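Just below is one structure, and these are the notes that go with it.
All heavy atoms count here, side chains included; hydrogens, waters and symmetry mates do not. In the text below, chain A, chain B and the rest are named by the order of the sequence lines, each starting its count at 1. In this text the structure is predicted, and so the values were computed from the model without any measurement.
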Number of protein chains: 2
Amino acid sequence: MTKIVQIKQTRIQREKRLLIQKAALQVFSEFGLRGATLDKIAKACGLTKPNILYYYSSKDEIYAEVLQSLLEEWIRPLKDISENGDPLTEILKYVKKKLTMSKTKKQESKLFATEILHGAPLTQNILAGSLKETVDDKVKLLNKWISEEKIAPVDPYHLIFSIWSMTQHYADFDVQVYSLLNTKKRSRIFQDAEDFLLTFFTRCLKQD
Amino acid sequence: MTKIVQIKQTRIQREKRLLIQKAALQVFSEFGLRGATLDKIAKACGLTKPNILYYYSSKDEIYAEVLQSLLEEWIRPLKDISENGDPLTEILKYVKKKLTMSKTKKQESKLFATEILHGAPLTQNILAGSLKETVDDKVKLLNKWISEEKIAPVDPYHLIFSIWSMTQHYADFDVQVYSLLNTKKRSRIFQDAEDFLLTFFTRCLKQD
DNA sequence: GTCTATAAATCGATAGAC
DNA sequence: GTCTATCGATTTATAGAC
């Protein structure tokens, strides 16, 4: 697969590449890496196929760059969980932030999910590297809070997995979620989801 | 897309088609519909490409049949939640069953996830049909249990979504889960996950 | 930098021998 | 029923005019 190298760019070049990235994110998230074609990406951004390949050397390189810029954004909110705040409040803030991302960054969520689902061929290093570092760091913090009896005892790794899965579900499986709710509930999915999740995690983590 | 029609088959034909289905499930779940090729499926079951196309008229037909037989199996456990059992016990039994499926039916889970993620082109009808029927039925039951104060009040739709997302996460995102755990914790993922989930749902649903 | 035209590769599907 | 050979369509990527 393609390696990402940093190259000096003019302003115009940066803008065109961003235009292509935006279209590519949309197409890749809907069809996956192999279902996406340069024709679809070209149509989505109003350029021609050879013109896209003037800015990127291959389809794989576009995919790699889209994925790369997404991953950094994806890991960031976890880092914001602060040692200084109130434990339960910090965790609930993270849940809210992740749920908001499912609403506003649906394409990113789906692309990330597809990549992991298919074995994370381009992402393995990051998962085992910087993401693992951040997770291990927050696991330590959660364990500290548990030993101080500030939150109820629980496996911190699986707590993090549960936050990820429950919040991302509303982006990744949106078609299913919408199919199962009636019109009325459909219009307030994210309010209902937030109420549910905050209640759920509060009941599970609150110390008596 | 291809429509499924029931055709009379000899025993040999049934066996060959099952052989192909099994290989196809493996390949489709790893690469998706478009990433999968007949060559890969052929290699996986030890047949040649034209031989596969002797038993199936197209790649799409194989995909449709694999997905079809998976969907019935996928919906079934939800139906087993019984009105007659103890409410919390019934829900926890369902959680356990779904988690077990994530362990033993990983390929099926990934294929289903990929299908929904990409807009459920072949599955929409079933989602809005028989799955919605079953879900609505169980939502009524959960609401009944809530009004009888047998479980704590909670949005029943989102409760079901939370069970699905948290359990399926261990199949669909296995690469990520494994990357983040050390060897020791990796060997007991499913025990830890079960402990976590049962504790969590008990704390969330138990009436004081 | 952007285009049309086309080369090159991949892949689904078929023809036809056995 | 199964195979080899190949067609035809799609799609990535390049050549070369402007």
Side-chain angles (χ1 to χ4, degrees), chain A residues 1-5 7-67 114 118 121-122, chain B residues 1-5 7-67 114 118 121-122:
Chain A
M1 290 281 173
T2 317
K3 208 173 158 186
I4 298 166
V5 282
I7 292 171
K8 247 177 224 160
Q9 291 171 27
T10 66
R11 187 184 56 85
I12 298 267
Q13 281 172 332
R14 248 194 320 275
E15 280 172 6
K16 287 273 185 186
R17 284 173 72 104
L18 275 174
L19 184 76
I20 295 165
Q21 271 186 52
K22 203 177 158 185
L25 170 63
Q26 184 189 314
V27 176
F28 282 133
S29 73
E30 184 172 349
F31 300 99
L33 170 55
R34 313 207 197 206
T37 65
L38 289 174
D39 277 323
K40 282 176 188 152
I41 298 174
K43 199 176 173 186
C45 63
L47 299 177
T48 62
K49 207 158 44 168
N51 200 358
I52 289 179
L53 291 167
Y54 173 78
Y55 292 100
Y56 285 94
S57 66
S58 71
K59 178 176 139 177
D60 280 2
E61 194 200 322
I62 306 175
Y63 182 77
E65 196 166 304
V66 169
L67 195 63
T114 306
H118 292 3
L122 292 184
Chain B
M1 287 282 174
T2 317
K3 207 174 159 185
I4 298 166
V5 283
I7 292 172
K8 245 177 224 161
Q9 292 171 28
T10 67
R11 186 182 56 83
I12 300 264
Q13 281 171 333
R14 248 193 320 276
E15 281 172 5
K16 287 275 186 185
R17 284 173 71 102
L18 276 173
L19 184 75
I20 295 166
Q21 271 186 52
K22 204 176 157 186
L25 170 63
Q26 184 188 313
V27 176
F28 282 132
S29 73
E30 185 172 349
F31 299 100
L33 171 54
R34 315 207 193 204
T37 66
L38 288 174
D39 278 322
K40 281 178 189 154
I41 299 174
K43 199 176 174 188
C45 63
L47 300 176
T48 62
K49 203 160 47 167
N51 200 0
I52 289 180
L53 291 168
Y54 174 78
Y55 291 100
Y56 285 93
S57 65
S58 70
K59 177 177 139 177
D60 280 1
E61 194 199 323
I62 306 175
Y63 181 77
E65 195 165 306
V66 169
L67 195 63
T114 307
H118 292 4
L122 292 184

Could you tell me whether the phosphate oxygens of [N], OP1 or OP2, come under 4.0 Å of any side-chain nitrogen or oxygen in [X]?
| X | N | result |
| --- | --- | --- |
| A:Y55 | C:dT2 | yes |
| A:T48 | C:dT2 | no |
| B:N51 | D:dC3 | yes |

Rounded off to whole Å, could you give me the [atom1]-to-[atom2] distance for the [X] and [N] pair?
| X | N | atom1 | atom2 | value |
| --- | --- | --- | --- | --- |
| B:Q9 | D:dG1 | CD | C1' | 15 Å |
| B:L33 | C:dC11 | CG | C1' | 13 Å |
| B:I62 | C:dC11 | CD1 | P | 15 Å |
| A:Y56 | C:dT2 | OH | P | 14 Å |
| A:I52 | C:dC3 | CD1 | P | 10 Å |
| B:K59 | D:dT10 | NZ | P | 14 Å |
| A:I12 | C:dT2 | CD1 | P | 8 Å |
| A:F31 | D:dT11 | CZ | C1' | 15 Å |

With sequence neighbours excluded, tell me which residues meet side-chain contact (heavy atoms from CB on, under 4.5 Å) with B:E15.
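With neighbours one apart ignored, the set is B:R11.
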
Please list, chain by chain and in numerical order, all residues satisfying side-chain contact (heavy atoms from CB on, under 4.5 Å) with B:A23, sequence neighbours excluded.
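With sequence neighbours excluded, B:A23 shows a side-chain contact (heavy atoms from CB on, under 4.5 Å) to B:I41, B:A44, B:C45, given in chain and number order.
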
Dump every N/O contact between nucleotides 15-18 of chain D and the protein below 3.5 Å, one line per pair.
none

Closest approach to the side chain of A:T37, judged atom by atom: which nucleotide of D:dT2, D:dT11, C:dG12 is it?
D:dT11

Out of D:dG1, C:dT2, D:dT12, whichever nucleotide has its closest atom nearest the side chain of A:Y54
C:dT2

Tell me which pairs pass side-chain hydrogen bond (donor to acceptor under 3.5 Å, both in side chains) where either residue lies in residues 23-33 of chain B, with sequence neighbours left out.
none

Sort and list the pairs that fulfil side-chain hydrogen bond (donor to acceptor under 3.5 Å, both in side chains) and have at least one residue in residues 44-54 of chain B, not counting sequence neighbours.
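Pairs touching residues 44-54 of chain B that pass the test: none.
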
Return the residues of residues 18-29 of chain A meeting this criterion: a heavy atom under 4.0 Å from some atom of DNA chain C. Order them by number, or give none.
none

Looking at residues 39-47 of chain A, who's got a heavy atom less than 4.0 Å off DNA chain C?
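Result for residues 39-47 of chain A: none.
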
If you find the nucleotide of DNA chain D closest to A:L38 and the one closest to B:K49, which residue's nucleotide is nearer the 5' end?
B:K49

Rounded distance (nearest 0.5 Å) linking atom [atom1] of [X] with atom [atom2] of [Y]:
| X | Y | atom1 | atom2 | result |
| --- | --- | --- | --- | --- |
| A:D39 | A:T37 | CG | OG1 | 5.0 Å |
| A:L33 | A:L122 | CG | CG | 7.5 Å |
| B:Y55 | B:L18 | OH | CG | 12.0 Å |

Pairs in or reaching into residues 31-50 of chain B: which pass ring pair (Phe, Tyr, Trp, His ring centres under 6.0 Å), with residues at least two apart or in two chains?
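Qualifying pairs, neighbours excluded: none.
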
Can you name the closest pair of heavy atoms from B:I52 and B:L38 and give their distance?
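The answer is CD1-O, 4.2 Å.
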
Which atom of B:I62 lies closest to which atom of B:A24, heavy atoms considered:
CG2-CB, 3.5 Å

Could you tell me whether the side chain of B:E61 and the main chain of B:S57 form a donor-acceptor pair under 3.5 Å?
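Here the side-chain-to-backbone pair exists.
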
Which residues share a side chain to side chain donor-acceptor pair (under 3.5 Å) with A:Y56, sequence neighbours left out:
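With neighbours one apart ignored, the set is A:Q21, A:E65.
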
